[in-house]
There are 2 protein chains.
Amino acid sequence: AMAGCGWARAVRGLLLDVSGVLYDSGADGGVPIAGSAEAVRRIKASGLKLQLCTNETQATRENFVRKLRAMGFDISVAEVTAPAPAACRLLKERGLRPHLLVHDDLIPEFAEIDKTNPNCVVLGDAAENFTYANLNEAFRLLVGMEKPVLISLGKGRYYKETDGLKLDVGAYMKALEYACDIQAEVVGKPAKRFFESALAELGVPPEQAIMIGDDIVSDVGGAQQCGMRALQVRTGKYRPCDENHPEVKPDAYVNNLAEAVDIILQQL
Amino acid sequence: AMAGCGWARAVRGLLLDVSGVLYDSGADGGVPIAGSAEAVRRIKASGLKLQLCTNETQATRENFVRKLRAMGFDISVAEVTAPAPAACRLLKERGLRPHLLVHDDLIPEFAEIDKTNPNCVVLGDAAENFTYANLNEAFRLLVGMEKPVLISLGKGRYYKETDGLKLDVGAYMKALEYACDIQAEVVGKPAKRFFESALAELGVPPEQAIMIGDDIVSDVGGAQQCGMRALQVRTGKYRPCDENHPEVKPDAYVNNLAEAVDIILQQL
């Protein structure tokens, strides 16, 4: 056994963030992080359960998985927990009929949801669909509701693409919150309920699961609040100052996913 | 003298809000509120000083005054205090070179300002210019600055046009504030400095001036914080619940501008 690796004991399943852990987004859909595809294979060969837990909302899970498989990751659609399906469950439970302001490629995820006569707005990273007209339409629907319900698929501030930084869904969420004087309900990390649904799909209780991510607050903090252990990788959006975060302290740091898997498999 | 009209004594100048006091915005540029054009003429004939104090940022003062004159108001450009010229003074004082995200019709107000190599962003009610690309560009410039400066021409939530409600500049201000983790500097009502510049143009000290507006917070509250008296008219965006506002209490309510002028002129 390795010294100081008590955090790796008694684990039966892993939740993995995707962007910044499996691959770096960028030109032509991104590039895999060295050793990550092999690490996924080793997890599966070990008998550990595995589930991806992502805030990706610019594509259906089918298209997202197609991209990951093309990069060499042995992943199936059932192994992806993403905000859109979680939002669909919430909509069904509460009898909500959404007006969608989302990316065109995400719309098929809502195929089975009644969208007539909307009584809520679902906001995703709509990218080019964030037009002046579309934002005004979402706003008008919200202020026209007796009790406005805004469901936001994440609350990120911004992200980086090859042609520069882009405002993420959280910025547009704040615009609508202010205009309507309401609070959005966030579906996706770091919402506790989202991690709980990922754990349910993983089929492992929180005390036997480890979350591995590059976001100190959304991945590590969110998972720990659900009673899971959580590691921060030093890839993706990791910055050295994360190691002095005033509120969140990971159970351990690892250089990358491959190193995390090395340690965990040695403890089995 | 009329009973209970002590608020109207010892006045030498009036600051008037425009939309909701002089006219109601709407189809074909709006319609004058009954008695308001005559009231402006009576103020001028009385020898009282008069200045309009508006948050209008969809047109230059020249075009705004042209519209008012076409509706019968005897107003000159020098009698309008608006956010864009106030922003220009602030930019010059602080050596700021703006990137403009504003309405096309407002751009001439910034003709004399150096806009090369921007070190701040000026945000107005850009309307159709609030595109995904333009918002990302403003965001990228801000996060690329060592000390990001965002100047917002107002902070309204929304307004009504004939084809429906529209998100106002405040919603987009909140989006950029959240994405950049900064606070915007607001130029326009209810900023104290903006009222002070209107008073300077009026040429009357605050204790001898009365503000007349339809917005309980932005007009009435803002003016009172500068030591002025302030009336709320029951026209424009006035709602009966304003009379129970938890924080702001006007010096008096009047049914409209004409009634306010009746009372003030009787006290001269």
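Every chain is numbered from 1 and lettered A, B, ... according to where its sequence line falls, protein lines coming before strand lines. Because only heavy atoms are used, hydrogens play no part in the values below, and waters and symmetry mates are left out as well, while side chains stay in.
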With a 4.5 angstrom heavy-atom cut-off, which part of A/Phe130 approaches chain B: side chain, backbone, both or neither? both
Among the options A/Leu135, A/Leu176, A/Val143, A/Leu167, pick out the one with the most heavy-atom pairs lying under 4.5 Å from chain B. A/Leu167
Between chain A and chain B: donor-acceptor pairs at under 3.5 Å:
unit_1   : atom_1 : unit_2   : atom_2 : d
A/Asn136 : OD1    : B/Leu167 : N      : 2.8
A/Arg140 : NE     : B/Leu165 : O      : 2.9
A/Arg140 : NH2    : B/Leu165 : O      : 3.2
A/Lys155 : O      : B/Tyr178 : OH     : 2.6
A/Arg157 : NH1    : B/Tyr178 : O      : 2.4
A/Leu165 : O      : B/Arg140 : NE     : 2.9
A/Leu165 : O      : B/Arg140 : NH2    : 3.2
A/Leu167 : N      : B/Asn136 : OD1    : 2.8
A/Tyr178 : O      : B/Arg157 : NH1    : 2.4
A/Tyr178 : OH     : B/Lys155 : O      : 2.6

Quick one: what part of A/Ala127 sits under 4.5 Å from any heavy atom of chain B, side chain, backbone, both or neither? both
Between B/Ala175 and A/Ala171, which heavy-atom pair has the shortest distance, and what is it? CB-O, 3.3 Å
